[in-house]
Amino acid sequence: MGKNKVLLLDGNSLAYRAFFALPLLTNEHGIHTNSVYGFTMMLQKILDEEQPTHMLVAFDAGKTTFRHTTFGEYKGGRQKTPPELSEQFPYLRKLLTAYQIPQYELSMFEADDIIGTLSKQAEAQGQEVIIVSGDKDLTQLSSDTTTVYITRKGITDMEKYTPAHIQEKYGITPNQIIDMKGLMGDSSDNIPGVPGVGEKTALKLLVEHHSVDGVYEAIDQLKGKLKEKLEANEEQAKMSKVLATIETEAPITIGLDDLSYQGPDMDQVIKIWQELAFKSLLEKTTYAQVEEAKSEITFTQLTEITEEHLSDEMAVHLELYDEQYHTADMLGIALVDDKHAYFIKVEDAFASESFRTWLADDSKKKRLVDSKASLAAFHRNDVLLDGVEFDFVLAAYIVNPAITSDDVAVLSREFGYGDVFTNEQVYGKGAKKSVPSDAELGEHIVRKAMAVWNLRTIMDNKLKDNEQYELYQDLELPLATILGKMESDGVKVDRQTLVDIGEDLAGKLTEIEQTIYHAAGETFNINSPKQLGVILFEKLGLPALKKTKTGYSTAADVLEKLEGKHEVISHILLFRQLGKLQSTYIEGLLKEIHTDDGKIHTRYQQALTQTGRLSSTNPNLQNIPVRLEEGRKIRKAFVPSQPGWILFAADYSQIELRVLAHMSDDEELIDAFRNDLDIHTKTAMDVFHVEAEAVTSDMRRAAKAVNFGIVYGISDYGLSQNLSITRKEAAEFIDRYLKSFPGVKQYMDDIVHDAKQKGFVTTILNRRRYLPDITSSNFNLRGFAERTAMNTPIQGSAADIIKKAMIDMAARLEKDNLQAKMLLQVHDELIFEAPPEEIAILEKIVPEVMEHAIELKVPLKVDYAYGPTWYDTK
DNA sequence: GAGATCACG
DNA sequence: ACGTACGTGATCTCC
């Protein structure tokens with residue numbers, strides 16, 4: 001052999017390190033992947049940096065080794081391997097096979113011994129060796145030609161142990177590592193050593209006496225407790241040294257010649273990465289391979305679309321340059337069916353009369369990536385779109401809301417279709433992002449349309465298998481069009497009102513700022529929790545009640561507890577409150593008002609939340625202040641789009657608790673809602689065992705918190721935090737609640753049990769959420785999953801109900817030929833604008849439609865209000 | 001880009 | 001013993 005580089009990896013040790021260094025990731029089938037992922041990251045890095053010519057991953061063969069004949073309790077008391085890790089070993093083995101890296105294990109020996117034996121063989125031939133492990137024991141193998149890499153924090157950060165490094169760090173030679181272990185032992189392997197001797201003492205002894213034997217030869221020079229301890233444990237020390245010694249002449253049946261490494265079989269590696277959903281690795285490092293894997297496509301670039309190009313059913317893809325489709329550049333359009341593939345520039349497409357007619361014709365069926373985005377973008381050019389029968393993004397979301405990517409390439413690959421490039425591959429990212437040549441762009445867009453064309457059947461089948469086809473077809477798909485119209489219509493915002501409030505705030509903020517600086521005795525950045533913490537808890541000496549990862553917590557609930565202790569606290573709270581209004585709601589909203597129409601056009605993300613709710617972005621119109629009066633004034637800026645019109649808002653009363661009553665079938669709760677009782681008062685009566693007249697406002701407040709807790713998946717700790725009571729008192733409240741509502745208790749138990757059985761929970765309309773962590777042995781993760789199992793059917797069913805109501809409402813407005821428009825949705829409320837003469841009609845039909853969107857075992861109740869601004873709809 | 005904070009349901 | 005309320009998005013600081 002010539003100049004080679006031999007890389008020897010300790011498979012078990014590295015798999016363990018990766019497992020504990022990373023959170024418990026899972027793929028969509030609920031298989032844990034964190035260990036394999038971490039191992040892969042490390043492997044990629046080391047292959048990259050070291051370019052080895054020979055490789056081996058050594059594994060432990062089983063529980064019993066030759067060391068157990070020396071010491072029966074070797075590695076005793078060790079926690080058994082967590083099942084979340086055990087299940088990953090087969091995948092790790094498969095992955096290594098794909099990398100074409102030899103693996104080896106030997107009965108009765110540990111991975112260490114295989115590595116030790118091979119490293120000595122390589123050394124004898126003068127080869128360079130690199131050993132990688134998470135176990136410092138291996139450093140005893142370090143030599144002039146062998147370097148031992150030990151993982152530090154995380155998984156890709158390694159400390160390199162050469163003899164010089166060991167000398168510097170410990171003051172001993174690699175050989176003496178075993179003497180050190182003999183004296184100090186190793187709790188993780190249950191090697192006893194000499195009790196009372198730790199690393200420092202062991203090293204001191206070794207510097208003077210060189211070895212375990214040397215220490216005992218010189219035992220008479222020692223004195224006191226140390227001498228006694230050493231004398232009492234001589235046998236044990238010598239045995240411990242033997243246990244810690246790595247075997248370098250294990251009877252292995254492979255040699256260096258068997259380790260030659262040629263590089264990975266990337267096709268196989270990618271297949272496994274896909275199976276395990278290693279998305280970042282797939283995107284980052286496999287550009288070349290992914291590109292190679294694409295099939296050839298052909299397409300025609302058109303300059304005009306005529307009837308001959310169009311058929312009764314096609315995939316249509318409008319490519320946008322960024323996700324903000326209300327303003328994004330339109331880059332091109334692709335049209336694809338079984339026989340055709342066209343690319344056309346947007347101007348040419350819009351200039352084609354046949355195309356516009358075809359797009360607006362609902363009898364011509366279209367398959368799209370994201371129908372709402374296309375609809376909104378077309379709308380900007382007064383181009384209509386109808387006849388959408390497939391929306392890939394929505395279908396994927398319904399199949400599994402955990403699939404979060406919005407890139408067609410990534411999404412397609414999730415469902416087995418790999419012929420699309422990622423946007424990053426085509427456009428680049430960050431400052432380098434740019435539009436490529438027409439040919440390249442056209443291909444990219446056509447590939448997306450082809451994906452959508454081909455994925456329709458696959459997705460339809462999945463949806464039908466899951467009994468989710470109706471949810472998708474009759475709820476989400478029509479809702480996309482409705483939301484698209486709401487977004488495009490937008491909501492009118494009076495700029496001057498915001499500016500006026502902003503000026504008022506600016507004055508107050510400057511004043512409070514000065515007061516705070518004066519109280520603190522210096523100026524500092526009040527917006528910096530770090531600087532504020534120093535002022536409050538060090539300079540002013542206030543008690544730090546709570547800590548965050550990075551330092552003192554200065555969150556509002558902490559400061560409120562300090563309010564009596566120093567006058568500055570209330571000023572800080574007010575500064576925070578007003579500062580939030582200024583930056584997020586005054587400045588933030590002003591930036592979002594479109595200059596052409598004076599309106600704000602939010603985007604509803606329909607395929608994002610894990611529960612089925614919508615979310616609202618750019619800006620978020622679902623969190624406009626309402627709870628405090630100062631903030632609520634912001635709503636005065638939200639006005640009707642036409643002079644004299646009125647805003648009309650309707651919200652569901654207690655929809656989540658009503659859903660709970662329905663799903664749990666709890667008699668008491670059902671009864672309460674059928675009789676339209678005040679549910680928090682009713683809860684207070686049951687929890688505090690009092691009559692309605694005796695319920696105080698504090699009791700009602702506590703009962704309200706209990707009801708929230710029930711919906712969130714209750715825990716005594718959470719409730720105790722919320723109510724500032726002891727955990728025991730909180731537990732007592734919960735206990736009494738569950739005794740009063742036994743059906744609820746039964747439901748909570750059943751839903752968690754059910755989730756463990758099936759791996760997912762469902763809503764009234766069969767929306768799913770997978771909960772892979774619900775069987776985790778990690779207390780924390782399992783707890784989260786259990787609370788999610790309790791909460792998601794409630795929150796998600798409420799979302800189902802209002803979505804259905806929106807569809808019914810849109811149909812009703814159209815059927816009754818009303819001018820009224822649905823503008824906003826805020827989880828349990830709908831906001832409309834209408835001419836004054838239609839208000840009386842809305843008062844009748846809005847509650848009627850919303851209350852009967854879905855029939856539950858209890859009535860749904862809707863409250864409404866109207867006025868000249870959003871502020872007045874209370 | 002992450003963490004802290006705070007706005008909403 | 002463990003260490004938490006469920007679901008979001010925007011802004012600010014600091015690395």
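Order of the sequence lines sets the chain letters (A, B, ...), proteins ahead of strands, with each chain counted from 1. Values reported hereafter were calculated over all heavy atoms of this structure, with side chains retained and with hydrogens, waters and symmetry mates removed. Treat the numbers as computed from the prediction; the structure is a model and nothing was measured.
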A:K874 to A:Y871 six-membered ring, cation-pi geometry met (6.0 Å, 45°)
yes

Cation-aromatic face contact A:R787/A:F784, 6.0 Å, 45 degrees: yes

Quick one: the side chain of [X] and the base of [N], do they pair up donor-acceptor inside 3.5 Å?
X      : N     : result
A:R613 : C:dT8 : no
A:S715 : C:dT4 : yes
A:Q795 : C:dC6 : yes

Minimum-distance nucleotide (side-chain atoms of [X] versus [options]):
X      : options              : answer
A:P625 : C:dC2, B:dC8, C:dA5  : B:dC8
A:K580 : C:dT13, C:dG7, B:dT5 : B:dT5
A:T550 : C:dA5, B:dG3, B:dA7  : B:dG3
A:H827 : C:dT11, B:dG9, C:dG3 : B:dG9
A:A705 : B:dA7, B:dG9, C:dA5  : C:dA5
A:V826 : B:dG9, C:dC15, B:dA7 : B:dG9
A:F708 : C:dG3, B:dC8, C:dA5  : C:dA5
A:L608 : C:dT8, C:dA5, C:dA10 : C:dT8
A:N791 : C:dT13, C:dG7, C:dT8 : C:dG7

Just to be sure I understand the rule, does [X] reach a base, reach only the sugar-phosphate, or reach nothing, if contact means heavy atoms closer than 4.0 Å?
X      : result
A:R627 : base
A:N525 : sugar-phosphate
A:A799 : nothing
A:N778 : nothing

Spacing of the [atom1] atoms in [M] and [N] (rounded, Å):
N     : M     : atom1 : value
C:dG3 : B:dA7 : P     : 29 Å
C:dA1 : B:dC6 : C1'   : 32 Å
B:dG3 : C:dT4 : P     : 14 Å

Would you kindly give the [atom1]-to-[atom2] distance between [X] and [N], to the nearest whole Å?
X      : N      : atom1 : atom2 : value
A:D557 : C:dT4  : CG    : P     : 13 Å
A:L657 : B:dG9  : CG    : P     : 15 Å
A:L781 : C:dG3  : CG    : C1'   : 12 Å
A:K546 : B:dA4  : NZ    : P     : 11 Å
A:Q531 : B:dG3  : CD    : P     : 20 Å
A:Q582 : C:dT11 : CD    : P     : 13 Å
A:I655 : C:dC6  : CD1   : C1'   : 16 Å

query = Between A:Y397 and A:E476, does any side-chain donor sit less than 3.5 Å from a side-chain acceptor?
reply = no

Would you call A:K508 and A:D504 a salt bridge, taking side-chain N to carboxylate O under 4.0 Å as the test?
-> yes

(message) Salt bridge or not between A:D800 and A:K803? Use side-chain N to carboxylate O under 4.0 Å.
(response) no

Ignoring backbone atoms, test whether [X] places a side-chain nitrogen or oxygen under 4.0 Å from the OP1 or OP2 oxygen of [N].
X      : N     : value
A:S615 : C:dG7 : no
A:T554 : B:dT5 : yes
A:R576 : B:dA4 : no

When A:E833, A:K599, A:K492, A:M486 are each screened for side-chain contact (heavy atoms from CB on, under 4.5 Å) with A:L823, the one that passes is A:E833

Note to self: Using a 3.5 Å distance criterion without hydrogens, assess whether the side chain of A:N618 forms a donor-acceptor pair with backbone atoms of A:T602.
What the structure shows: no

Paired to C:dA1 by Watson-Crick or G-U wobble criteria (both distances under 3.5 Å) is none

